[in-house]
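Notes follow the structure.
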Amino acid sequence: MGGFDGRVVLVTGGTRGIGFAVAEAFLAAGADVLVCGRAAPPLLPAASGRTAVFAAADVRDPEAARGLVAAARERFGRLDVLVNNAGGSPDADAATVSPRFVEKVVQLNLLAPFYVGQAANLVMREQPEGGSIVNIGSVSAHQPQPGTAAYSAAKAGLLALTRALALEWAPLVRVNHLTVGPVEAEAESGPAAGVVPMGRLATPQDVAAACLYLSGPTAAYLTGADLAIHGGGEYPARYLAARGQLP
């Protein structure tokens, strides 16, 4: 998929996992890509003879978030796409988890996308073509699982933030959301794939393809959208129980 020649893309958390695949997909489509992380990785995303540029940044820090966007603009002269991919959290018992843990989870999964998005909007709205922001969310925003209270709350907030920013920043800046289910690189496939109607977990490339779609011209009328990348979700427990597929 092409169509991004001359475009500049910023992918937070683009040095591994889903973010790495997203960066590679945009490079293959012709874009210049800047990725960030808190430390330089041993390997950077590369495709079609080009390699992503790395900038060190802790996007939970508002000043660092602004500096990251400034670095992209200084290096490439513009910013067309922001993919807010940095996020995640280990499971934690809500009854005993520390306030500091909760704060860190909310900072990374909700506040960081807000901070980077604010800075990106200031650049994009000055461009005749505007820009596109894609927030990578989680099925936990819709269906929390045990051990994910802070993470689920933050991701639910990210979905609401997406819709709010889409209202405020249209028409020049489009803001959309991906509801991502379990991904092969982050979860054991095995029995988990059996509860997904598509019969497998998502791949990082599935998520990357959705990012390209939402950021490209064929999605020019989409803003405030929530695109599900979860293979149909999960079969209801009663369906699995009736077939003896529950443990």
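Start at 1 with the first residue, then count along the sequence. What's counted below: heavy atoms across the whole structure, side chains too, no hydrogens, waters or symmetry copies.
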Q | Short side-chain to backbone donor-acceptor contact, Gln205 and Ala21, under 3.5 Å | A | no
**Q.** Sole candidate of Thr51, Val53, Leu27, Val33 that passes side chain to side chain contact (heavy atoms under 4.5 Å, CB included) when paired with Leu44
**A.** Thr51
Q) With the 4.5 Å side-chain cut-off for hydrophobic clustering, are Leu227 and Val207 part of the same group? A) yes
(Q) To check you understand the geometry: which heavy-atom pair defines the closest contact between Asn176 and Ala225, and what is its length? (A) OD1-N, 2.9 Å
Q | Lys155 side chain vs Ala150 backbone, donor-acceptor pair below 3.5 Å | A | no
(Q) Using side chain to side chain contact (heavy atoms under 4.5 Å, CB included), reason through Val69 and Val123 one step at a time and then give a plain yes or no. (A) CA-CA 8 Å; Val69 172; Val123 175; 3.8 Å; yes
(Q) Please check if the number of heavy atoms outside Arg16 that lie under 6.0 Å from its CZ is greater than 12. (A) no
(Q) For a 4.5 angstrom cut-off between non-hydrogen side-chain atoms, does Tyr151 reach Asp91? (A) no
Q.
Please identify which of these residues, Leu165, Leu214, Val134, meets the side chain to side chain contact (heavy atoms under 4.5 Å, CB included) condition with Val175.
A. Leu165
Q: Flag yes if Val9 and Ile133 sit in one hydrophobic cluster, no otherwise; membership is Ile, Leu, Val, Met, Phe, Trp, Tyr, and two members link when side-chain heavy atoms are under 4.5 Å apart.
A: no
Q: Determine which pairs satisfy salt bridge (Lys or Arg N to Asp or Glu O under 4.0 Å) with at least one residue from residues 41-52, sequence neighbours left out, and list them in order.
A: Asp32-Arg50
Q. Considering all heavy atoms of both residues, which atom of Ser89 and which atom of Phe101 are nearest to each other, and what is their separation?
A. OG-CZ, 3.5 Å
Q: Answer yes or no: is there a donor N or O on one side and an acceptor on the other, between the side chain of Ser138 and the main chain of Ala141, under 3.5 Å?
A: no
Q) Do you know which two heavy atoms are closest between Phe4 and Leu212, and how far apart they sit? A) CZ-O, 3.6 Å
Q: State the OG1-CG distance between Thr203 and Asp206, to the nearest 0.5 angstrom.
A: 3.5 Å
Q) Which is it for Val59 and Tyr115 under the side chain to side chain contact (heavy atoms under 4.5 Å, CB included) test, yes or no, and what are the steps along the way? A) CA-CA 8 Å; Val59 290; Tyr115 298 150; over 6 Å; no
Q.
For a 4.5 angstrom cut-off between non-hydrogen side-chain atoms, does Arg60 reach Lys104?
A. yes
Q | Heavy-atom closest pair, residues Ala23 and Gly14 | A | CB-O, 4.3 Å
**Q.** Side chain to side chain, Glu234 and Val139, heavy atoms closer than 4.5 Å
**A.** no
Q | CD/Gln143: more than 12 non-hydrogen atoms of other groups inside 6.0 Å | A | no
Q. Asn85 side chain to Gly13 main-chain N or O, any donor-acceptor pair under 3.5 Å?
A. yes
(Q) How long is the straight-line distance from CG of Leu161 back to CD of Glu168, given to the nearest 0.5 Å? (A) 9.5 Å
Q. Which residue pairs pass the ring pair (Phe, Tyr, Trp, His ring centres under 6.0 Å) test when at least one of the two sits in residues 50-97, sequence neighbours left out?
A. none
**Q.** Ile229 reachable from Leu159 in the ILVMFWY side-chain graph, under 4.5 Å edges
**A.** no
Q | Straight-line distance of Asn84 CG to Ile136 CD1, nearest 0.5 Å | A | 8.5 Å
**Q.** Polar side-chain atom of Arg174 near backbone of Ala219 as donor-acceptor pair, under 3.5 Å
**A.** yes
Q: Determine, step by step, whether Thr179 and Asp226 satisfy the side-chain hydrogen bond (donor to acceptor under 3.5 Å, both in side chains) criterion, reporting the C-alpha distance in whole Å, the side-chain angles of both residues, the deciding distance to 0.1 Å, and the verdict.
A: CA-CA 7 Å; Thr179 289; Asp226 178 21; 2.7 Å; yes
Q. When clusters are formed by joining ILVMFWY residues with side-chain heavy atoms under 4.5 Å apart, either directly or through shared neighbours, do Leu201 and Met198 land in the same one?
A. yes
Q: With rounding to the nearest 0.5 Å, note down the distance linking CG in Leu122 to CG in Leu79.
A: 11.0 Å
Q) Short question: side chain of Asn109, backbone of Ala154 - any donor-acceptor pair under 3.5 Å? A) no
Q: Indicate whether any N or O donor in one side chain lies under 3.5 Å from an N or O acceptor in the other, for Thr162 and Asn135.
A: yes
Q: Could you walk me through whether Ile18 and Val183 pass the side chain to side chain contact (heavy atoms under 4.5 Å, CB included) test, one step at a time?
A: CA-CA 8 Å; Ile18 292 173; Val183 176; 3.8 Å; yes
Q) Can you tell me if CD on Glu129 sees more than 12 non-hydrogen neighbours from other groups inside 6.0 Å? A) yes
Q) What's in the same ILVMFWY side-chain cluster as Phe20, cut-off under 4.5 Å, chained through other members? A) Leu43
Q | Exercise: identify the closest heavy-atom pair between Gly231 and Val196 | A | O-CG1, 3.4 Å
**Q.** Residue pair Phe26 / Ser215, side-chain heavy-atom distance below 4.5 Å
**A.** yes
Q) Roughly how far, to the nearest 0.5 Å, is CG of Leu172 from OG of Ser132? A) 12.5 Å
Q: Keeping the roles fixed (side chain from Thr148, backbone from Pro144), state whether a donor-acceptor pair exists under 3.5 Å.
A: no
(Q) Please determine whether side chain to side chain contact (heavy atoms under 4.5 Å, CB included) holds for the pair Val8 and Val81, giving the CA-CA distance in whole Å, both sets of side-chain angles, and the decisive distance to 0.1 Å. (A) CA-CA 6 Å; Val8 176; Val81 178; over 6 Å; no
**Q.** Side-chain ion pair, Arg7 and Asp5, N-O less than 4.0 Å
**A.** no
Q. Are the side chains of Leu110 and Val105 in touch, meaning some heavy atoms are under 4.5 Å apart?
A. no
Q: Please round to the nearest 0.5 Å and tell me the distance separating atom CZ of Arg73 and atom CZ of Arg78.
A: 10.0 Å
Q: Grab the two heavy atoms, one from Leu82 and one from Ala120, that are nearest each other, plus how far apart they are.
A: CD2-CB, 3.9 Å
Q. Using 4.0 Å as the upper bound for N to carboxylate O, is an ion pair formed by Arg200 and Glu184?
A. no
**Q.** hydrophobic_cluster_shared for Leu178 and Val83, side chain cutoff 4.5 Å
**A.** yes
